[in-house]
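Letters A, B, ... are given to chains in the order of the sequence lines, protein chains preceding strands, and every chain is numbered from 1.
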Protein chains: 2
Amino acid sequence: MKNITPQQQKVLDCIQVYINKTGFPPTRADICRELGFKSPNSAETHLRALEKKDFISIESGTSRGISINNPEIKHEGNEYPIVGLVAAGSPTLASENVEKVLNCPKGFFGSDFDYFLRVRGLSMKDAGIMEDDLIAVKKTQEIKNGDIVIARIEDEVTVKYFQRSAPNIVHLKPANKEFSDIEVNLEETELYIEGKSVGLIREN
Amino acid sequence: MKNITPQQQKVLDCIQVYINKTGFPPTRADICRELGFKSPNSAETHLRALEKKDFISIESGTSRGISINNPEIKHEGNEYPIVGLVAAGSPTLASENVEKVLNCPKGFFGSDFDYFLRVRGLSMKDAGIMEDDLIAVKKTQEIKNGDIVIARIEDEVTVKYFQRSAPNIVHLKPANKEFSDIEVNLEETELYIEGKSVGLIREN
DNA sequence: AAATATACTATATATTTATACAGTATAATG
DNA sequence: CATTATACTGTATAAATATATAGTATATTT
(Lines give C-alpha, C1' and ligand atoms only; values in the text may rest on other atoms or scores of the structure.)
Protein backbone atom coordinates (compact mmCIF):
# COMPACT_ATOMS: atom_id res chain seq x y z
CA MET A 1 0.00 0.00 0.00
CA LYS A 2 1.03 3.59 -0.58
CA ASN A 3 2.71 5.68 2.08
CA ILE A 4 0.21 7.30 4.36
CA THR A 5 1.25 10.35 6.39
CA PRO A 6 0.64 10.46 10.16
CA GLN A 7 -1.96 13.16 9.71
CA GLN A 8 -3.75 11.22 6.99
CA GLN A 9 -3.69 8.16 9.25
CA LYS A 10 -5.38 10.23 11.95
CA VAL A 11 -8.09 11.25 9.51
CA LEU A 12 -8.54 7.65 8.36
CA ASP A 13 -8.78 6.44 11.96
CA CYS A 14 -11.22 9.22 12.71
CA ILE A 15 -13.48 8.05 9.88
CA GLN A 16 -13.34 4.45 11.07
CA VAL A 17 -14.05 5.40 14.68
CA TYR A 18 -16.90 7.66 13.60
CA ILE A 19 -18.48 4.85 11.57
CA ASN A 20 -18.08 2.40 14.44
CA LYS A 21 -19.66 4.87 16.82
CA THR A 22 -22.54 6.22 14.74
CA GLY A 23 -23.10 3.71 11.97
CA PHE A 24 -22.53 6.27 9.23
CA PRO A 25 -19.51 8.16 7.90
CA PRO A 26 -18.65 11.71 9.02
CA THR A 27 -19.11 14.95 7.13
CA ARG A 28 -16.17 17.28 6.51
CA ALA A 29 -17.40 19.35 9.43
CA ASP A 30 -17.56 16.27 11.66
CA ILE A 31 -13.93 15.45 10.90
CA CYS A 32 -12.95 19.05 11.68
CA ARG A 33 -14.74 18.86 15.00
CA GLU A 34 -13.11 15.54 15.90
CA LEU A 35 -9.61 16.60 14.92
CA GLY A 36 -9.75 20.29 15.79
CA PHE A 37 -9.54 21.72 12.27
CA LYS A 38 -11.13 25.09 11.72
CA SER A 39 -11.88 24.86 8.03
CA PRO A 40 -13.88 22.18 6.24
CA ASN A 41 -11.34 22.39 3.49
CA SER A 42 -8.75 20.85 5.82
CA ALA A 43 -10.83 17.71 5.93
CA GLU A 44 -11.59 17.94 2.23
CA THR A 45 -7.95 17.99 1.16
CA HIS A 46 -7.10 15.09 3.44
CA LEU A 47 -10.00 13.12 2.03
CA ARG A 48 -8.83 13.81 -1.51
CA ALA A 49 -5.34 12.69 -0.59
CA LEU A 50 -6.68 9.49 1.01
CA GLU A 51 -8.81 8.86 -2.06
CA LYS A 52 -5.85 9.38 -4.38
CA LYS A 53 -3.86 6.87 -2.33
CA ASP A 54 -6.80 4.47 -2.54
CA PHE A 55 -7.47 4.23 1.18
CA ILE A 56 -11.02 5.46 0.80
CA SER A 57 -13.67 5.98 -1.86
CA ILE A 58 -15.71 9.16 -2.12
CA GLU A 59 -19.12 9.22 -3.76
CA SER A 60 -19.22 12.67 -5.28
CA GLY A 61 -22.22 14.89 -4.65
CA THR A 62 -23.28 12.64 -1.81
CA SER A 63 -23.38 13.60 1.84
CA ARG A 64 -21.28 11.31 4.03
CA GLY A 65 -20.39 9.40 0.87
CA ILE A 66 -17.14 8.09 2.29
CA SER A 67 -16.29 4.39 2.41
CA ILE A 68 -13.09 2.78 3.57
CA ASN A 69 -11.38 0.56 1.04
CA ASN A 70 -10.47 -2.74 2.63
CA PRO A 71 -8.55 -4.77 0.11
CA GLU A 72 -7.55 -7.34 2.77
CA ILE A 73 -11.19 -8.02 3.51
CA LYS A 74 -11.23 -10.84 0.96
CA HIS A 75 -8.29 -12.70 2.45
CA GLU A 76 -9.65 -16.17 1.98
CA GLY A 77 -8.21 -18.23 4.75
CA ASN A 78 -5.00 -20.04 4.20
CA GLU A 79 -4.40 -23.58 5.23
CA TYR A 80 -1.94 -24.02 8.08
CA PRO A 81 -0.60 -27.40 9.15
CA ILE A 82 -1.00 -28.63 12.71
CA VAL A 83 2.03 -30.55 13.92
CA GLY A 84 2.83 -32.35 17.13
CA LEU A 85 5.98 -32.10 19.21
CA VAL A 86 8.15 -33.71 16.62
CA ALA A 87 11.13 -35.85 17.44
CA ALA A 88 14.54 -34.70 16.31
CA GLY A 89 15.83 -35.53 12.88
CA SER A 90 12.42 -35.46 11.31
CA PRO A 91 11.68 -32.20 9.49
CA THR A 92 8.99 -30.36 11.38
CA LEU A 93 6.64 -29.98 8.48
CA ALA A 94 7.14 -33.41 6.95
CA SER A 95 3.76 -34.79 5.98
CA GLU A 96 3.89 -37.63 8.47
CA ASN A 97 3.98 -35.03 11.24
CA VAL A 98 0.99 -33.06 10.02
CA GLU A 99 -2.03 -33.98 12.09
CA LYS A 100 -4.38 -32.00 9.88
CA VAL A 101 -4.63 -28.55 8.35
CA LEU A 102 -6.59 -25.65 9.71
CA ASN A 103 -8.09 -22.84 7.71
CA CYS A 104 -7.18 -19.53 9.28
CA PRO A 105 -7.11 -15.98 7.88
CA LYS A 106 -3.72 -14.51 7.16
CA GLY A 107 -2.46 -12.14 9.82
CA PHE A 108 -4.97 -13.58 12.27
CA PHE A 109 -2.57 -12.96 15.15
CA GLY A 110 -1.32 -9.61 13.96
CA SER A 111 1.90 -11.16 12.82
CA ASP A 112 2.41 -13.80 10.16
CA PHE A 113 3.03 -17.35 11.24
CA ASP A 114 3.96 -20.68 9.68
CA TYR A 115 2.20 -23.55 11.41
CA PHE A 116 0.29 -24.65 14.47
CA LEU A 117 1.92 -26.72 17.17
CA ARG A 118 -0.20 -29.06 19.25
CA VAL A 119 0.85 -28.64 22.88
CA ARG A 120 1.69 -31.67 25.02
CA GLY A 121 2.06 -31.42 28.77
CA LEU A 122 1.46 -28.60 31.22
CA SER A 123 4.90 -27.03 31.54
CA MET A 124 3.51 -23.65 30.39
CA LYS A 125 0.29 -23.87 32.37
CA ASP A 126 0.76 -20.57 34.21
CA ALA A 127 1.17 -18.80 30.89
CA GLY A 128 -2.28 -20.04 30.00
CA ILE A 129 -0.97 -22.71 27.65
CA MET A 130 -2.81 -25.96 28.27
CA GLU A 131 -2.62 -29.49 26.92
CA ASP A 132 -3.94 -29.79 23.35
CA ASP A 133 -3.84 -26.04 22.74
CA LEU A 134 -2.59 -24.94 19.35
CA ILE A 135 0.29 -22.50 19.33
CA ALA A 136 0.72 -20.38 16.23
CA VAL A 137 4.42 -20.64 15.48
CA LYS A 138 6.40 -18.14 13.51
CA LYS A 139 9.66 -19.57 12.25
CA THR A 140 12.23 -16.98 13.20
CA GLN A 141 15.53 -16.61 14.97
CA GLU A 142 14.68 -13.11 16.18
CA ILE A 143 14.02 -13.91 19.79
CA LYS A 144 13.85 -11.53 22.71
CA ASN A 145 14.09 -12.47 26.38
CA GLY A 146 10.66 -13.40 27.62
CA ASP A 147 9.42 -14.70 24.27
CA ILE A 148 7.75 -18.07 24.26
CA VAL A 149 9.91 -20.19 22.00
CA ILE A 150 9.72 -23.61 20.43
CA ALA A 151 13.18 -25.01 21.10
CA ARG A 152 14.92 -28.20 20.15
CA ILE A 153 17.61 -29.52 22.50
CA GLU A 154 19.20 -32.58 21.01
CA ASP A 155 16.35 -35.07 20.98
CA GLU A 156 13.64 -33.02 22.59
CA VAL A 157 11.28 -30.34 21.30
CA THR A 158 9.84 -28.11 23.97
CA VAL A 159 7.88 -24.90 24.48
CA LYS A 160 9.35 -22.53 27.08
CA TYR A 161 10.10 -18.93 27.94
CA PHE A 162 13.42 -17.86 26.47
CA GLN A 163 16.05 -16.06 28.52
CA ARG A 164 19.62 -15.44 27.52
CA SER A 165 21.45 -15.13 30.83
CA ALA A 166 24.98 -14.86 29.48
CA PRO A 167 26.53 -14.87 26.00
CA ASN A 168 26.71 -18.65 26.05
CA ILE A 169 24.02 -19.50 28.56
CA VAL A 170 20.33 -19.71 27.68
CA HIS A 171 17.65 -20.54 30.21
CA LEU A 172 14.45 -22.20 29.02
CA LYS A 173 11.93 -21.45 31.73
CA PRO A 174 8.64 -23.25 32.22
CA ALA A 175 5.53 -21.48 33.55
CA ASN A 176 4.73 -24.12 36.15
CA LYS A 177 6.32 -24.54 39.57
CA GLU A 178 6.36 -28.30 39.18
CA PHE A 179 8.84 -28.06 36.34
CA SER A 180 12.35 -26.70 36.59
CA ASP A 181 14.44 -24.44 34.41
CA ILE A 182 16.55 -25.93 31.68
CA GLU A 183 19.97 -24.36 31.51
CA VAL A 184 21.65 -24.71 28.15
CA ASN A 185 25.35 -24.08 27.74
CA LEU A 186 25.65 -23.31 24.06
CA GLU A 187 29.25 -24.49 24.01
CA GLU A 188 28.31 -27.94 25.22
CA THR A 189 24.81 -28.46 23.93
CA GLU A 190 23.20 -27.75 20.62
CA LEU A 191 20.13 -25.57 20.86
CA TYR A 192 17.98 -24.95 17.85
CA ILE A 193 15.23 -22.36 18.02
CA GLU A 194 12.38 -23.54 15.83
CA GLY A 195 10.47 -20.30 16.18
CA LYS A 196 8.33 -18.38 18.58
CA SER A 197 4.71 -18.28 19.63
CA VAL A 198 2.65 -15.46 18.17
CA GLY A 199 -0.75 -16.70 19.20
CA LEU A 200 -2.85 -19.49 20.59
CA ILE A 201 -6.04 -21.32 19.78
CA ARG A 202 -8.06 -23.57 22.06
CA GLU A 203 -10.87 -25.73 20.77
CA ASN A 204 -13.32 -27.06 23.29
CA MET B 1 -42.30 -4.20 19.83
CA LYS B 2 -41.71 -7.04 17.42
CA ASN B 3 -44.69 -6.55 15.13
CA ILE B 4 -43.04 -5.21 12.05
CA THR B 5 -45.27 -4.88 8.99
CA PRO B 6 -44.20 -6.42 5.65
CA GLN B 7 -43.73 -2.97 4.17
CA GLN B 8 -41.63 -1.82 7.12
CA GLN B 9 -39.55 -4.98 6.79
CA LYS B 10 -38.91 -4.11 3.16
CA VAL B 11 -37.74 -0.65 4.17
CA LEU B 12 -35.51 -2.11 6.91
CA ASP B 13 -34.03 -4.63 4.46
CA CYS B 14 -33.52 -1.86 1.96
CA ILE B 15 -31.52 0.14 4.50
CA GLN B 16 -29.37 -2.88 5.37
CA VAL B 17 -28.73 -3.72 1.72
CA TYR B 18 -27.90 -0.10 0.95
CA ILE B 19 -25.37 0.05 3.80
CA ASN B 20 -23.79 -3.23 2.74
CA LYS B 21 -23.52 -2.00 -0.82
CA THR B 22 -22.33 1.57 -0.29
CA GLY B 23 -20.93 1.71 3.23
CA PHE B 24 -23.33 4.43 4.32
CA PRO B 25 -27.08 4.64 5.00
CA PRO B 26 -29.59 5.86 2.40
CA THR B 27 -31.41 9.18 2.25
CA ARG B 28 -35.21 9.32 2.10
CA ALA B 29 -34.91 9.82 -1.62
CA ASP B 30 -32.64 6.79 -1.95
CA ILE B 31 -35.22 4.62 -0.21
CA CYS B 32 -37.94 5.96 -2.52
CA ARG B 33 -35.82 5.13 -5.56
CA GLU B 34 -35.10 1.61 -4.31
CA LEU B 35 -38.68 0.81 -3.38
CA GLY B 36 -40.51 2.82 -6.02
CA PHE B 37 -42.10 5.42 -3.74
CA LYS B 38 -42.87 8.74 -5.30
CA SER B 39 -42.76 10.96 -2.23
CA PRO B 40 -39.91 11.32 0.26
CA ASN B 41 -42.52 11.41 2.94
CA SER B 42 -43.33 7.76 2.27
CA ALA B 43 -39.84 6.87 3.38
CA GLU B 44 -40.02 9.39 6.21
CA THR B 45 -43.13 7.90 7.78
CA HIS B 46 -41.76 4.38 7.50
CA LEU B 47 -38.55 5.50 9.15
CA ARG B 48 -40.49 7.12 11.98
CA ALA B 49 -42.49 3.93 12.46
CA LEU B 50 -39.31 1.81 12.49
CA GLU B 51 -37.76 4.21 14.97
CA LYS B 52 -40.81 4.07 17.22
CA LYS B 53 -40.59 0.27 17.16
CA ASP B 54 -36.92 0.52 17.99
CA PHE B 55 -35.61 -1.21 14.88
CA ILE B 56 -33.55 1.81 13.90
CA SER B 57 -32.20 5.03 15.37
CA ILE B 58 -32.44 8.35 13.56
CA GLU B 59 -30.04 11.19 14.29
CA SER B 60 -32.19 14.23 13.75
CA GLY B 61 -30.96 17.01 11.52
CA THR B 62 -28.32 14.72 10.12
CA SER B 63 -28.11 13.48 6.56
CA ARG B 64 -28.12 9.69 6.31
CA GLY B 65 -28.30 9.60 10.11
CA ILE B 66 -29.92 6.16 10.19
CA SER B 67 -28.47 3.26 12.14
CA ILE B 68 -29.89 -0.21 12.57
CA ASN B 69 -30.41 -1.19 16.19
CA ASN B 70 -30.51 -4.98 16.21
CA PRO B 71 -27.48 -6.43 14.54
CA GLU B 72 -28.06 -9.49 16.77
CA ILE B 73 -27.44 -12.15 14.17
CA LYS B 74 -25.55 -9.93 11.81
CA HIS B 75 -22.28 -11.79 11.38
CA GLU B 76 -22.98 -12.72 7.80
CA GLY B 77 -19.97 -14.32 6.23
CA ASN B 78 -17.16 -14.76 8.69
CA GLU B 79 -16.93 -11.49 10.55
CA TYR B 80 -17.40 -11.96 14.28
CA PRO B 81 -17.69 -9.02 16.68
CA ILE B 82 -15.33 -8.69 19.63
CA VAL B 83 -17.07 -7.35 22.73
CA GLY B 84 -15.87 -6.46 26.20
CA LEU B 85 -17.42 -7.46 29.51
CA VAL B 86 -20.54 -5.41 29.01
CA ALA B 87 -22.50 -3.81 31.82
CA ALA B 88 -26.07 -4.86 32.34
CA GLY B 89 -28.88 -3.25 30.42
CA SER B 90 -26.74 -2.72 27.37
CA PRO B 91 -27.39 -5.28 24.65
CA THR B 92 -24.27 -7.37 24.27
CA LEU B 93 -23.86 -6.82 20.57
CA ALA B 94 -24.85 -3.15 20.50
CA SER B 95 -22.41 -1.38 18.25
CA GLU B 96 -20.93 0.70 21.07
CA ASN B 97 -19.74 -2.51 22.70
CA VAL B 98 -18.09 -3.89 19.61
CA GLU B 99 -14.37 -3.32 19.86
CA LYS B 100 -13.78 -4.54 16.33
CA VAL B 101 -14.67 -7.49 14.18
CA LEU B 102 -12.49 -10.48 13.51
CA ASN B 103 -12.49 -12.60 10.40
CA CYS B 104 -12.62 -16.22 11.41
CA PRO B 105 -13.64 -19.29 9.42
CA LYS B 106 -17.02 -20.75 10.25
CA GLY B 107 -16.86 -23.77 12.49
CA PHE B 108 -13.33 -22.83 13.50
CA PHE B 109 -13.89 -24.30 16.96
CA GLY B 110 -15.84 -27.31 15.83
CA SER B 111 -19.06 -25.78 17.05
CA ASP B 112 -20.71 -22.59 15.82
CA PHE B 113 -20.37 -19.47 17.91
CA ASP B 114 -21.74 -15.94 17.96
CA TYR B 115 -19.10 -13.51 19.11
CA PHE B 116 -15.76 -13.07 20.82
CA LEU B 117 -15.54 -11.85 24.39
CA ARG B 118 -12.45 -9.96 25.51
CA VAL B 119 -11.40 -11.37 28.89
CA ARG B 120 -10.71 -9.07 31.84
CA GLY B 121 -9.06 -10.27 35.00
CA LEU B 122 -7.46 -13.56 35.93
CA SER B 123 -10.26 -15.41 37.67
CA MET B 124 -9.99 -18.28 35.16
CA LYS B 125 -6.21 -18.33 35.07
CA ASP B 126 -5.87 -21.99 35.97
CA ALA B 127 -8.14 -22.91 33.09
CA GLY B 128 -5.61 -21.22 30.82
CA ILE B 129 -7.78 -18.15 30.30
CA MET B 130 -5.65 -15.05 30.61
CA GLU B 131 -6.28 -11.33 30.50
CA ASP B 132 -7.05 -10.04 27.00
CA ASP B 133 -7.75 -13.51 25.62
CA LEU B 134 -10.69 -13.80 23.27
CA ILE B 135 -13.32 -16.36 24.21
CA ALA B 136 -15.51 -17.66 21.42
CA VAL B 137 -19.00 -17.47 22.88
CA LYS B 138 -21.94 -19.51 21.73
CA LYS B 139 -25.24 -18.04 22.80
CA THR B 140 -27.08 -20.95 24.33
CA GLN B 141 -28.95 -21.98 27.45
CA GLU B 142 -27.88 -25.59 27.10
CA ILE B 143 -25.30 -25.70 29.85
CA LYS B 144 -23.79 -28.76 31.46
CA ASN B 145 -21.97 -28.81 34.78
CA GLY B 146 -18.32 -27.99 34.18
CA ASP B 147 -18.98 -25.79 31.16
CA ILE B 148 -17.31 -22.41 31.10
CA VAL B 149 -20.16 -19.95 30.97
CA ILE B 150 -20.58 -16.23 30.45
CA ALA B 151 -23.01 -15.29 33.20
CA ARG B 152 -24.74 -12.09 34.16
CA ILE B 153 -25.61 -11.59 37.82
CA GLU B 154 -27.49 -8.36 38.22
CA ASP B 155 -24.89 -5.77 37.26
CA GLU B 156 -21.92 -7.98 36.60
CA VAL B 157 -20.85 -10.07 33.65
CA THR B 158 -18.40 -12.80 34.49
CA VAL B 159 -16.74 -15.88 33.05
CA LYS B 160 -16.76 -18.95 35.32
CA TYR B 161 -17.23 -22.69 35.53
CA PHE B 162 -20.89 -23.58 35.85
CA GLN B 163 -22.14 -26.03 38.44
CA ARG B 164 -25.73 -26.64 39.42
CA SER B 165 -25.54 -27.92 42.99
CA ALA B 166 -29.26 -28.06 43.70
CA PRO B 167 -32.41 -27.26 41.73
CA ASN B 168 -32.23 -23.64 42.81
CA ILE B 169 -28.54 -23.29 43.61
CA VAL B 170 -25.90 -22.59 41.00
CA HIS B 171 -22.23 -22.26 41.78
CA LEU B 172 -20.05 -20.13 39.54
CA LYS B 173 -16.53 -21.35 40.17
CA PRO B 174 -13.38 -19.49 39.26
CA ALA B 175 -10.19 -21.29 38.23
CA ASN B 176 -7.90 -19.34 40.55
CA LYS B 177 -7.35 -19.95 44.25
CA GLU B 178 -7.30 -16.22 44.91
CA PHE B 179 -10.93 -15.94 43.88
CA SER B 180 -13.87 -17.56 45.64
CA ASP B 181 -16.96 -19.34 44.41
CA ILE B 182 -20.10 -17.37 43.73
CA GLU B 183 -23.18 -19.08 45.05
CA VAL B 184 -26.36 -18.00 43.33
CA ASN B 185 -29.75 -18.75 44.84
CA LEU B 186 -32.03 -18.55 41.83
CA GLU B 187 -35.00 -17.65 44.01
CA GLU B 188 -33.27 -14.57 45.36
CA THR B 189 -30.97 -13.49 42.58
CA GLU B 190 -31.47 -13.23 38.88
CA LEU B 191 -28.91 -15.18 36.88
CA TYR B 192 -28.78 -14.86 33.13
CA ILE B 193 -26.58 -17.20 31.14
CA GLU B 194 -25.30 -15.30 28.14
CA GLY B 195 -23.76 -18.39 26.62
CA LYS B 196 -20.81 -20.70 26.92
CA SER B 197 -17.21 -20.79 25.80
CA VAL B 198 -16.50 -23.01 22.83
CA GLY B 199 -12.97 -21.83 22.13
CA LEU B 200 -10.23 -19.37 22.81
CA ILE B 201 -7.84 -17.18 20.90
CA ARG B 202 -4.77 -15.41 22.19
CA GLU B 203 -2.97 -12.79 20.18
CA ASN B 204 0.57 -11.95 21.16
C1' DA C 1 -68.66 4.71 15.37
C1' DA C 2 -64.58 6.91 16.34
C1' DA C 3 -59.91 6.77 16.91
C1' DT C 4 -55.58 5.06 15.42
C1' DA C 5 -52.05 2.89 12.56
C1' DT C 6 -50.65 1.98 7.96
C1' DA C 7 -49.45 3.41 3.35
C1' DC C 8 -49.03 6.36 0.24
C1' DT C 9 -48.78 11.37 -3.24
C1' DA C 10 -47.42 16.12 -3.60
C1' DT C 11 -45.18 20.44 -2.47
C1' DA C 12 -42.35 23.52 0.14
C1' DT C 13 -38.36 25.07 2.77
C1' DA C 14 -34.81 25.60 6.24
C1' DT C 15 -30.71 23.29 7.14
C1' DT C 16 -26.96 20.43 6.10
C1' DT C 17 -23.35 19.41 3.31
C1' DA C 18 -20.00 19.07 -0.50
C1' DT C 19 -17.05 21.60 -2.76
C1' DA C 20 -14.93 25.44 -5.22
C1' DC C 21 -11.93 29.57 -4.66
C1' DA C 22 -8.46 32.43 -2.35
C1' DG C 23 -4.81 32.48 0.74
C1' DT C 24 -0.44 31.21 4.10
C1' DA C 25 3.30 28.26 5.41
C1' DT C 26 6.61 24.37 5.57
C1' DA C 27 9.03 20.35 4.02
C1' DA C 28 10.52 17.34 0.42
C1' DT C 29 11.97 16.52 -4.41
C1' DG C 30 14.15 16.79 -8.74
C1' DC D 1 15.66 27.02 -7.47
C1' DA D 2 11.29 25.84 -9.09
C1' DT D 3 7.90 22.38 -8.25
C1' DT D 4 5.10 19.48 -5.76
C1' DA D 5 3.01 17.53 -1.68
C1' DT D 6 1.46 18.40 2.86
C1' DA D 7 -1.21 20.96 6.19
C1' DC D 8 -3.77 24.32 7.31
C1' DT D 9 -7.54 29.05 7.72
C1' DG D 10 -11.46 31.47 5.84
C1' DT D 11 -15.45 32.46 2.91
C1' DA D 12 -19.03 31.42 -0.25
C1' DT D 13 -22.63 28.84 -2.56
C1' DA D 14 -25.07 25.33 -5.26
C1' DA D 15 -26.83 21.06 -4.32
C1' DA D 16 -28.35 17.56 -1.24
C1' DT D 17 -31.24 16.44 2.45
C1' DA D 18 -34.40 16.30 6.42
C1' DT D 19 -38.61 17.39 7.54
C1' DA D 20 -43.00 19.92 8.00
C1' DT D 21 -47.66 20.52 6.05
C1' DA D 22 -51.69 19.13 3.38
C1' DG D 23 -54.17 15.55 1.40
C1' DT D 24 -56.33 10.54 0.08
C1' DA D 25 -57.41 5.84 1.22
C1' DT D 26 -57.74 1.38 3.76
C1' DA D 27 -57.48 -1.53 7.54
C1' DT D 28 -57.46 -2.43 12.61
C1' DT D 29 -58.62 -1.49 17.18
C1' DT D 30 -61.41 0.50 20.90
**Message:** Is the phosphate of C:dA7 approached by B:Q8 (side-chain N or O, under 4.0 Å from OP1 or OP2)?
**Reply:** yes

**Prompt:** Nearest-Å distance, CD (A:E59) to P (C:dT19)?
**Reply:** 10 Å

**Item:** Nearest-neighbour nucleotide for the B:T5 side chain, D:dT19, C:dT6, C:dT17 considered
**Value:** C:dT6

**Prompt:** Does anything in residues 36-51 of chain B reach DNA chain D, meaning a heavy atom under 4.0 Å, and if so which residues?
**Reply:** B:P40, B:N41, B:E44, B:R48

**Asked** Under the ring-ring contact (aromatic ring centres under 6.0 Å, His included) test, which residues partner A:Y161, sequence neighbours left out?
**Response** none

**Request:** Taking only Lys NZ, Arg NE, NH1 and NH2, and the carboxylate oxygens of Asp or Glu, determine whether A:D132 and A:R120 approach each other closer than 4.0 Å.
**Result:** yes

**Item:** Short N-O contact, B:D126 and A:K125, less than 4.0 angstrom
**Value:** yes

**Message:** Does D:dT17 have its OP1 or OP2 closer than 4.0 Å to a side-chain nitrogen or oxygen of A:S63?
**Reply:** yes

**Request:** Scan for ring-ring contact (aromatic ring centres under 6.0 Å, His included) pairs involving residues 33-53 of chain A, sequence neighbours excluded, and state none if there are none.
**Result:** A:F37-A:H46

**Request:** Find the distance B:I31:CD1 to C:dA7:P and express it as a whole number of Å.
**Result:** 14 Å

**Between A:N69 and A:S57, a side-chain donor and acceptor under 3.5 Å** = yes

**Message:** Just the rounded figure in Å: distance from P of D:dT21 to CZ of B:R28.
**Reply:** 16 Å

**Request:** Check ring-ring contact (aromatic ring centres under 6.0 Å, His included) between A:F24 and all other residues, then give those that pass, not counting sequence neighbours.
**Result:** none

**Request:** Among C:dT17, C:dA7, D:dT19, find the nucleotide with the atom closest to the side chain of B:Q7.
**Result:** C:dA7

**Request:** Take the C1' atoms of the five end pairs on each side of the helix from C:dA1-D:dT30 to C:dG30-D:dC1, derive the two axes, and give their angle rounded to 10 degrees.
**Result:** 30°

**Message:** Using whole Å, what does the distance between atom C1' of nucleotide D:dA16 and atom CZ of A:R64 come to?
**Reply:** 12 Å

**Message:** Name the residue from A:Q163, A:R164, A:E183, A:K160 that meets the side-chain hydrogen bond (donor to acceptor under 3.5 Å, both in side chains) definition with A:H171.
**Reply:** A:E183

**Asked** Hey, which of B:T22, B:T27, B:D30 is the one that makes side-chain hydrogen bond (donor to acceptor under 3.5 Å, both in side chains) with B:R64?
**Response** B:D30

**Item:** Pairs touching residues 18-29 of chain B that satisfy salt bridge (Lys or Arg N to Asp or Glu O under 4.0 Å), sequence neighbours left out
**Value:** B:K21-B:E34, B:R28-B:E44

**Prompt:** Can you tell me how far P of D:dT6 sits from CD1 of A:I4, to the nearest Å?
**Reply:** 11 Å

**Message:** Taking the minimum atom-to-atom distance to the side chain of B:K53, which one of D:dC8, C:dT6, C:dA5 wins?
**Reply:** C:dT6

**Message:** Between P on C:dT9 and CG on B:L35, what's the gap in Å once rounded to a whole number?
**Reply:** 11 Å

